[in-house]
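Everything below concerns the one structure shown next.
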Number of protein chains: 2
Amino acid sequence: MTPSNRRITLKDLARELGVSTASVSNAFNRPDQLSRELRQHILSEARRMGYHGPDARARTLRTGRSQIIAVVLAETLTYSLNDAVSSELLTGITEVLDAHGHTLLLLSAGRQPAVRQMPASSSMADGFIVYGLMPGDSLIGELPSHRPLVAVDFHINGQPTVHIDNEPASFAITRHALHQAPKRVGIICLRLATTTVNGRLTAEHEWLSVQSTITRSRLDGYFRALEEYGLSRDDIPLWNIEENIHAVCAPVIEEILDLPAEQRPDLLLCMSDRIALTALTLAEQRGIRVPEDLRLTGFDGIEEGQYRAPRLTTVRQDSIEKGRMAARMVLGLDTPHDRLLQTNLLIGETCP
Amino acid sequence: MTPSNRRITLKDLARELGVSTASVSNAFNRPDQLSRELRQHILSEARRMGYHGPDARARTLRTGRSQIIAVVLAETLTYSLNDAVSSELLTGITEVLDAHGHTLLLLSAGRQPAVRQMPASSSMADGFIVYGLMPGDSLIGELPSHRPLVAVDFHINGQPTVHIDNEPASFAITRHALHQAPKRVGIICLRLATTTVNGRLTAEHEWLSVQSTITRSRLDGYFRALEEYGLSRDDIPLWNIEENIHAVCAPVIEEILDLPAEQRPDLLLCMSDRIALTALTLAEQRGIRVPEDLRLTGFDGIEEGQYRAPRLTTVRQDSIEKGRMAARMVLGLDTPHDRLLQTNLLIGETCP
DNA sequence: CTGAAAGCGCTTACAG
DNA sequence: CTGAAAGCGCTTACAG
């Protein structure tokens with residue numbers, strides 16, 4: 001008898017039943033390799049003895065495949081799990097993984113720079129989806145080199161990417177907003193500077209490059225429309241926010257809304273819906289009417305912005321589809337190559 | 001030379017450097033087992049040759065530990081990733097796992113009953129946190145039996161649980177709401193019936209048992225306060241909602257709000273903030289004033305309900321702390337035993 | 001401090 | 001259809 005204090009193995013089971021380990025393995029994995037009767041016998045005895053099937057740890061080493069895909073997130077998991085856009089991306093990824101018997105391992109890159117390194121278990125995954133890191137991040141080099149990798153919202157040398165048309169989308173929403181002939185336009189950026197800035201951006205602040213961040217592309221789109229309209233980029237005040245959460249957005253936006261009425265922008269172009277929604281709430285609290293006194297545009301098209309009144313005018317990006325595409329490529333279901341998703345303009349009441 | 005088309009292994013590296021495999025392994029894992037010089041030499045040569053460290057697949061088989069903890073979610077991942085309460089739970093879990101070098105594997109139980117089974121990779125995990133399944137779910141039996149397991153919001157025979165005081169919390173919020181002497185009380189339940197019901201619950205519908213679902217405990221708390229106040233539970237209309245998302249809540253709530261004014265409840269006790277927020281939005285759209293014409297209470301205390309006006313009156317549960325506790329127990333940092341978390345009442349403007 | 005060797009629990013090509 | 005055997009890439013007790 002097998003000692004009961006130890007977990008039962010395939011070998012134990014084979015010995016107990018007087019068959020080879022191959023037959024037990026085949027009973028679980030390749031039904032065509034043995035007779036129906038023997039298979040049923042093995043499976044029912046396995047159940048009786050409390051053997052739940054071959055151990056994933058050994059199978060993974062032997063076959064070289066874990067059925068696990070890792071998602072590397074630039075932000076902390078806390079942020080990513082609570083942000084509507086990352087949640088949608090993960091939703092699209094898991095939808096495809098689920099349908100193909102794979103599971104999702106969450107890896108966060110968002111820690112103190114000093115201790116940033118991939119957990120040892122990262123080399124467990126069969127493939128990697130990397131979301132929104134900075135190009136050249138040293139973590140990318142730590143990933144196993146011979147496994148499929150797909151980048152989302154940024155570019156890794158030689159690897160396929162899924163991204164959206166940030167510049168044209170920002171151009172389009174700005175052109176729409178300018179129809180109403182605003183007097184004073186302001187822009188609220190998301191992590192645009194090379195240093196940490198929560199507040200007004202000045203000439204002293206250096207910007208990240210277009211290659212480094214999608215928010216720079218959004219800014220370029222805003223500027224193109226503003227200049228086409230006859231405004232100079234140097235006359236547009238810019239604010240920056242480092243983290244796309246209410247608590248960090250609020251103080252910066254309060255600073256803007258509390259400007260004297262004749263200095264306060266009457267159109268705020270916001271680089272995310274979270275920023276725009278925070279501005280909307282704070283404006284309402286101050287009796288600033290939206291859109292009469294203040295027009296607002298967002299970016300992302302998250303549900304929260306569409307399920308309330310006034311609805312947000314924003315750019316809708318299909319993050320679920322981004323996730324699906326990335327997952328299909330990493331699983332080898334689609335040929336790996338760069339994909340560019342189209343966005344569309346949602347006209348709500350915050351900027352009709 | 002090692003063939004360049006194959007991934008380099010620890011053995012290759014040892015051969016190349018003329019040292020034993022033990023020394024290479026020790027260089028990565030046990031610095032005290034070899035001289036500083038040899039270790040540095042091995043690590044720098046490893047980097048030069050593109051060896052990123054011992055493969056997690058083999059290490060896991062050898063040591064029996066993967067550094068992976070699996071979270072088994074009752075709902076689909078799509079739901080769980082987008083729901084504020086599950087996101088908070090996951091946030092608390094990942095916070096602890098992160099701090100201890102572990103990573104999170106997401107497993108969803110929420111599929112068609114016919115095809116429900118654990119993915120093969122589930123036996124990869126060192127431990128399991130199971131969230132909100134029904135007791136007796138067959139999936140629980142498929143998990144490896146000798147690894148730590150913690151249940152959240154329900155009970156698995158013989159395993160530690162983290163849960164909250166659903167009945168007293170519901171009692172307390174109802175007693176608060178009754179101070180205002182409402183004329184007609186209604187209750188909107190979450191998945192209370194044994195069958196699928198989106199709409200009014202009648203005498204024909206059977207309820208789940210107190211052991212099976214936390215929503216039954218919430219109902220019991222509501223009833224206790226209502227009866228103490230002098231109302232009979234048979235006079236209180238009950239509605240049920242199957243899924244805690246806006247799209248499913250809305251039609252049921254519309255049915256309630258569109259009742260003739262003299263039949264419409266002026267107090268709605270909702271079993272989740274999502275339900276209460278949907279009711280709030282739909283009431284506003286109809287010009288029903290909250291709290292003058294309709295008072296609303298929620299459950300959960302999610303941020304979305306506190307960052308808007310009027311703020312929700314609700315029961316705040318600390319789901320992040322629930323996640324932390326579950327993770328600490330599954331990692332063996334805390335002695336496994338049942339934990340009961342206290343909630344607190346948040347008085348907002350929807351039911352002052 | 002270093003090295004030779006066993007073995008974690010499987011899968012799979014191969015011989016019968 | 002079945003069985004004996006090799007080996008996936010490591011870690012670790014043990015002998016030197």
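Note on naming: letters A, B, ... go to the chains in the order of the sequence lines (proteins, then strands), and numbering restarts at 1 for each one.
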Q) R15(B) has an atom CZ; how far is it from atom P of dA4(C), in whole Å? A) 13 Å
**Q.** Atom-to-atom span, CG of L17(A) to P of dG3(D) - whole angstrom
**A.** 11 Å
Q: Indicate, with a heavy-atom threshold strictly under 4.0 Å, whether T60(B) touches base, sugar-phosphate, or nothing.
A: nothing
Q) Atom CG of D12(B) and atom P of dC10(D): how far apart are they, to the nearest Å? A) 9 Å
Q) Is it true that the side chains of Y51(A) and D12(A) contain a donor and an acceptor less than 3.5 Å apart? A) no
Q. Is Y51(A) near enough to dC10(C) that one of its side-chain N or O atoms lies under 4.0 angstrom from OP1 or OP2?
A. yes
Q) Does the S319(B) side chain pair with the main chain of E88(B), one donor and one acceptor, at a distance under 3.5 Å? A) no
Q. Rounding to a whole Å, what distance do you find between N29(A):CG and dT12(C):P?
A. 7 Å
**Q.** Residue whose closest nucleotide on DNA chain C lies nearer the 5' end, S23(B) versus N26(A)
**A.** S23(B)
Q) Using a cut-off of 4.0 Å on non-hydrogen atoms, how would the nucleic acid contact of F28(B) be classed: base, sugar-phosphate, or nothing? A) nothing
Show every donor-acceptor pair shorter than 3.5 Å between a side-chain atom in residues 34-41 of chain A and any protein atom, with sequence neighbours excluded, or say none if there are none.
residue: S35(A); atom: OG; partner: L38(A); partner atom: N; Å: 3.2
residue: R39(A); atom: NE; partner: A27(A); partner atom: O; Å: 2.7
residue: R39(A); atom: NH2; partner: A27(A); partner atom: O; Å: 3.3

Q: Would you kindly say whether T9(A) and D55(A) are connected by a side-chain donor-acceptor distance under 3.5 Å?
A: no
Q: Determine which nucleotide pairs with dA4(D), using a 3.5 Å limit on both distances of a Watson-Crick or G-U wobble pair.
A: none
Q. Which sits closer to the 5' end of DNA chain D, T21(A) or S35(A), going by the nucleotide each is nearest to?
A. S35(A)
Q. In whole Å, what is the span from the NZ atom of K11(A) to the P atom of dA4(D)?
A. 12 Å
**Q.** Interatomic distance, L10(A) CG vs dG7(D) P [rounded to whole Å]
**A.** 20 Å
Q.
Distance check needed: dC8(D) P versus R62(A) CZ, whole Å only.
A. 8 Å
Q) Where each residue is assigned the nucleotide of DNA chain C containing its nearest heavy atom, which of A22(A) and R57(A) is assigned the position nearer the 5′ end? A) R57(A)
Q) In terms of side-chain geometry, is the basic nitrogen of R324(B) or D334(B) positioned less than 4.0 Å from the acidic oxygen of its partner? A) no
Q: Measure from CD on Q33(A) to P on dT12(C) and round the result to the nearest Å.
A: 10 Å
Q: Identify whether any heavy atom of L61(B) sits under 4.0 Å from a base atom; if not, whether one sits that close to sugar-phosphate; answer base, sugar-phosphate or nothing.
A: base
Q | Given dT2(C), dG3(D), dT11(D), the nucleotide with the shortest approach to the side chain of L38(B) | A | dT2(C)
Q: May I ask you to say what R59(A) touches in the nucleic acid, namely base, sugar-phosphate or nothing, with a heavy-atom cut-off under 4.0 Å?
A: sugar-phosphate
Q.
With nearest nucleotide decided by heavy atoms, which residue, G18(A) or R30(B), maps closer to the 5′ end of DNA chain D?
A. G18(A)
Q: Using a cut-off of strictly less than 4.0 Å, decide whether S25(A) has a side-chain nitrogen or oxygen near OP1 or OP2 of dT11(C).
A: yes
**Q.** Candidate nucleotides dG3(C), dG9(C), dC10(D), ranked by approach to the side chain of A58(B) - the nearest
**A.** dC10(D)
Q | Reported CG-to-OG distance for the pair L107(A) and S121(A), which is rounded to 0.5 angstrom | A | 6.5 Å
